[in-house]
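In this text, all values refer to a predicted model and were calculated from it rather than measured experimentally. Counting starts at 1 for both ligands and their atoms, following the listed order. As a basis for the values below, the full set of heavy atoms in this structure was taken, side chains included, without hydrogen atoms, waters or symmetry mates.
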Amino acid sequence: MLKGILQFAHQLLEESVERGETVIDATCGNGNDTLFLSKTVGDDGHVFAFDIQEQAHQETKALLTKHGKSNVSLIHDSHEHVEKYVHNEIGGAIFNLGYLPRSDKRIITKPDTTIAAIDAILNRLKKNKLVVIVVYHGHEGGKEEKEAVLNYCMALDQKKFSVLQYRFINQVNHPPFLLAIQKK
Ligand SMILES: C[S@@+](CC[C@H](N)C(=O)[O-])C[C@H]1O[C@@H](n2cnc3c(N)ncnc32)[C@H](O)[C@@H]1O
């Protein structure tokens with residue numbers, strides 16, 4: 001069976017993240033990936049979850065409380081400042097680009113800050129671990145970000161990183177796709 005984009009994103013992280021590690025949700029939104037990462041690293045691990053919107057923090061906090069999870073730091077700051085908050089080596093990270101569903105569609109991830117954040121996380125990423133990026137690009141501003149992130153990924157040195165693109169090529173309406181960067 002072919003996995004859907006989000007399903008495949010979680011599968012990749014489930015297979016590479018270990019219990020006890022420090023991981024990052026770079027765009028916590030409604031908290032679904034934060035909860036998934038919190039369960040994956042277990043009580044001895046830690047999740048740093050970034051978002052610039054108060055609404056995203058409220059949603060994520062409520063979801064984590066409902067599931068009794070306390071191994072998460074919610075960071076109300078833009079993800080390119082990751083080095084200010086995360087001092088450990090990183091066991092994995094996820095980005096969901098675009099806007100918060102059912103919210104203000106003008107508040108979106110942007111090419112420069114997204115790339116700066118990916119770059120900062122790759123610097124601290126452990127060998128063989130993954131940064132997974134789910135690229136939504138149908139909204140206004142999405143095309144520019146998609147192109148910038150693809151160009152950045154294609155220029156990564158193949159001696160240092162492997163980069164996978166996973167996408168369905170027969171879907172209509174700008175389907176999201178996945179990029180997975182593995183550090184060698
Ligand atoms: C597609 S949503 C994330 C969905 C989320 N992963 C979930 O499971 O619900 C994108 C999120 O990125 C956030 N965002 C936009 N720019 C950001 C930035 N510079 N740093 C951190 N988060 C940002 C938005 O506020 C929004 O909540």
Determine whether the side chain, the backbone, both or neither of [X] has a heavy atom under 4.0 Å from any heavy atom of ligand 1.
X: Ser103; answer: neither
X: Leu97; answer: backbone
X: Ala26; answer: backbone
X: Thr34; answer: neither

State, yes or no, whether a side-chain contact exists between [X] and [Y] at a heavy-atom distance under 4.5 Å.
X: Tyr166; Y: Lys3; result: yes
X: Glu145; Y: Leu97; result: yes
X: Ser162; Y: Lys184; result: yes

Open item on the list: Which of the numbered atoms in ligand 1 are under 4.0 angstrom from any heavy atom belonging to Gly98?
Closed with: 10 (C)
Open item on the list: Within ligand 1, which atoms have a heavy atom of Cys28 less than 4.0 Å away?
Closed with: 5 (C), 6 (N), 7 (C), 9 (O)
Heavy atom of the protein closest to [atom] (residue, atom name, distance):
atom: atom 23 (C) of ligand 1; result: Ile52 CG1, 3.8 Å
atom: atom 10 (C) of ligand 1; result: Asn96 O, 3.3 Å
atom: atom 3 (C) of ligand 1; result: Thr27 O, 3.3 Å
atom: atom 20 (N) of ligand 1; result: His79 N, 3.0 Å

Aromatic ring proximity, centroids under 6.0 angstrom, [Y] and [X]:
X: Phe50; Y: Tyr85; answer: yes
X: Phe177; Y: His137; answer: yes
X: His46; Y: Phe48; answer: yes

Open item on the list: Looking at Lys110 and Glu144, is there a salt bridge between them, counting it only when a charged N and a carboxylate O are closer than 4.0 Å?
Closed with: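 Here Glu144 does not pair with Lys110 in a salt bridge, since their nearest N and O are not under 4.0 Å apart.
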Close N or O approach ([X], ligand 1; < 3.5 Å):
X: Tyr136; value: no
X: Asp51; value: yes
X: Glu80; value: no
X: Asp25; value: no
X: Tyr99; value: no

Please check if atom [atom1] in [X] has more than 12 non-hydrogen atoms from other residues, nucleotides or ligands closer than 6.0 Å.
X: Tyr99; atom1: OH; result: no
X: Glu54; atom1: CD; result: yes
X: Asp119; atom1: CG; result: yes

